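Comments concern the structure below.
Atoms within a ligand are numbered from 1 in the order they appear, just like the ligands themselves. The shown structure was predicted, so the numbers you read here are calculated from the model rather than taken from an experiment.
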Amino acid sequence: MAVIALKCPEIEVVVVDIAAPRINAWNSDHLPIYEPGLDDVVKKCRGKNLFFSTDVEKHVAEANIVFVSVNTPTKTQGLGAGKAADLTYWESAARMIADVSKTDKIVVEKSTVPVKTAEAIERILTHNRKGINFTILSNPEFLAEGTAIADLFKPDRVLIGGRETPEGQKAIHALRDVYAHWVPVDRILCTNLWSAELSKLAANAFLAQRISSVNAMSALCEATGADVSQVSHSIGTDSRIGPKFLNASVGFGGSCFQKDILNLVYICECNGLPEVANYWKQVIKVNDYQKTRFVNRVVSSMFNTVSGKKIAVLGFAFKKDTGDTRETPAIDVCKGLLGDKAKLSIYDPQVSEDQITRDLAMKKFDWDHPAHLQPLSPTSNKQVSVVWDAYEAIKDAHGICILTEWDEFKNLDYKKVFDCMQKPAFVFDGRNVVDVNKLREIGFIVYSIGKPLDSWLKDMPAVA
Ligand code: UDX
């Protein structure tokens, strides 16, 4: 919305939320999320044509176009628990829009939702419409965190789905005109509603599948002595495959990939397509396998026990340049190590102690539900300390796990790091950021995903 405000000075954009602390933060000097470049954009427009408010009903009533970006968590109970999207928040937003509207509106589905949500929302709106016309559009967002502003300034494509009726087409054109302020028209794709909704799920499923494919290869590389970076490079030069998104890692995280695939799986099952459902389920299974495999490597390398040993965890966010920890692989890896009674010292340049404590206490899928449904003040775990400096995390540690590819982890003074650790000193690089040969020369025992194994690890029991 901030980018729309920046690129369309004549359009007034009001971002509304019922959570006052969040709106206050958006109106302050400390925005509630860390995203490179976002501060600049907000500062340029705030108070001019970009506003943040808790007066939801007033601003919805006044708007011509309403973007709905409420959370759509995975259901934790009832029908479809652990798979289907919980549309409670979407439904109440739609009912509120119907209640407060006095003029015709275009309602844009911005949250990622299961296919055919638009139809359900359309029904709520039309059944409560009091003579007002609502036209529903699907406009899924493809930005990635950490590069959101660059992605929005120069999107590969903008997707707008709508009904193939005259009203639907008119609404599509109205939204297209907003994006056309800065996006070349040939990059604005217009489709029917279902195609737009499914395209978002499909894009995320394909992207996640690429990572699970390369991660599956990484296990085979470790078993055979091939180097996954070399394999990725070789296959990426095939123009049909392409070089991007082929980095083996400890696993993918983020708010979208797992949730969207679970949705896709559920939709397939509901449509009587179990083979297709199982195909996509496997992408998540490989991701879980990769995290378990990493934990097993750590434990087996350290004489099959990490009990009482200090392990420094460098990076907790699900990727670099964000403070977001939703579905980060670090949660499962840390829980796995804690299960083996390790003592963890965690450092991430952007994630707070409070967030890490909550994440380690939270149940699966709770993260996307409102804060009042999550554990209030989780008791801190004595085995976990969160520190604000990489060297402090590392001091006296037996091993280091790199779980986010923050640039600063590439440039640590590894000689200094080695000197202040217990020996033998281990580095487990879950993001392939360190120079393995240099670290081995210093004296470290290094495990790097999908790379030829250190002779130390080769002699350890095989990991499943
Ligand atoms: C993703 C999609 O890219 C975006 O289009 C969609 O709108 C939302 O979901 P995001 O979750 O912000 O965006 O991050 P992304 O860059 O896609 O990374 C997702 C995860 O995959 C991260 O944990 C990342 O570390 C991991 N990843 C990515 C890899 O492990 N290897 C890669 O080669 C690329």
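What sits closest to atom 31 (N) of ligand 1 on the protein, heavy atoms only, is Asn247 O, 2.9 Å. Protein heavy atom nearest atom 2 (C) of ligand 1, with residue, atom name and distance: Asn204 OD1, 3.6 Å. Looking from atom 17 (O) of ligand 1 to the surrounding protein, the closest heavy atom is Phe245 CZ, 3.2 Å. In terms of protein heavy atoms, atom 15 (P) of ligand 1 is closest to Lys319 NZ, 3.6 Å. Scanning all protein heavy atoms for the shortest distance to atom 23 (O) of ligand 1 gives Phe318 O, 2.8 Å. The closest protein non-hydrogen atom to atom 19 (C) of ligand 1 is Phe257 CE1, 3.5 Å. Given atom 28 (C) of ligand 1, the protein heavy atom at minimum distance is Ile211 CD1, 3.5 Å. From the protein, the heavy atom lying nearest to atom 5 (O) of ligand 1 is Phe142 O, 2.7 Å.
In summary, Lys410 and Glu405 do not engage in a salt bridge, as defined by a charged side-chain N under 4.0 Å from a carboxylate O. Here Arg326 pairs with Glu145 in a salt bridge; the nearest charged N to carboxylate O distance falls below 4.0 Å.
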Apply ring pair (Phe, Tyr, Trp, His ring centres under 6.0 Å) to residues Trp456 and Phe444 and explain how you reach the verdict.
CA-CA 11 Å; Trp456 178 285; Phe444 284 104; over 10 Å; no

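Heavy-atom contacts of Leu207 reach the following atoms of ligand 1: 3 (O) (cutoff under 4.0 Å). For ligand 1, the atoms lying closer than 4.0 Å to a non-hydrogen atom of Glu141 are 7 (O). The contact set between ligand 1 and Ser249, taken as ligand atoms under 4.0 Å from a residue heavy atom, comprises 29 (C), 30 (O).
When side chains are defined from C-beta on, Asp454 does not count as touching Tyr447, because their heavy atoms never get closer than 4.5 Å. Taking 4.5 Å as the limit, every side-chain heavy atom of Tyr414 sits out of range of all side-chain heavy atoms of Lys438.
The closest approach between a heavy atom of Lys244 and any atom of ligand 1 is not below 4.0 Å.
The residue among Gln290, Arg431, Glu405, Lys320 with a heavy atom at the shortest distance from atom 24 (C) of ligand 1 is Arg431. Of the candidates Leu246, Asp260, Leu143, Ile449, the one placing a heavy atom closest to atom 4 (C) of ligand 1 is Leu143.
Residue Gly251 has no N or O atom closer than 3.5 Å to an N or O atom of ligand 1. The distance criterion of under 3.5 Å between nitrogen or oxygen atoms is met by Glu145 with respect to ligand 1.
Residue contacts with ligand 1, taken as heavy atom pairs separated by less than 4.0 Å, involve Cys256 solely via side-chain atoms from C-beta onward. Contacts between Lys200 and ligand 1, counted as non-hydrogen atom pairs separated by less than 4.0 Å, involve the side chain only.
Ring geometry, Phe257 versus Phe252: the interplanar angle exceeds 60°, so the pair is classed perpendicular (tilted spans 30 to 60°). Between Tyr347 and Phe409, the angle of the ring planes goes over 60°, which puts this pair in the perpendicular group of the 30/60° scheme. Ring geometry, Phe428 versus Phe294: the interplanar angle exceeds 60°, so the pair is classed perpendicular (tilted spans 30 to 60°).
For the pair His181 (side chain) and Val178 (backbone), a donor-acceptor distance under 3.5 Å is present.
If you check the side chains of Tyr179 and Asn139, you find a donor sitting under 3.5 Å from an acceptor.
Ring centroids of Phe206 and Trp280 are separated by less than 6.0 Å, placing the two rings close together.
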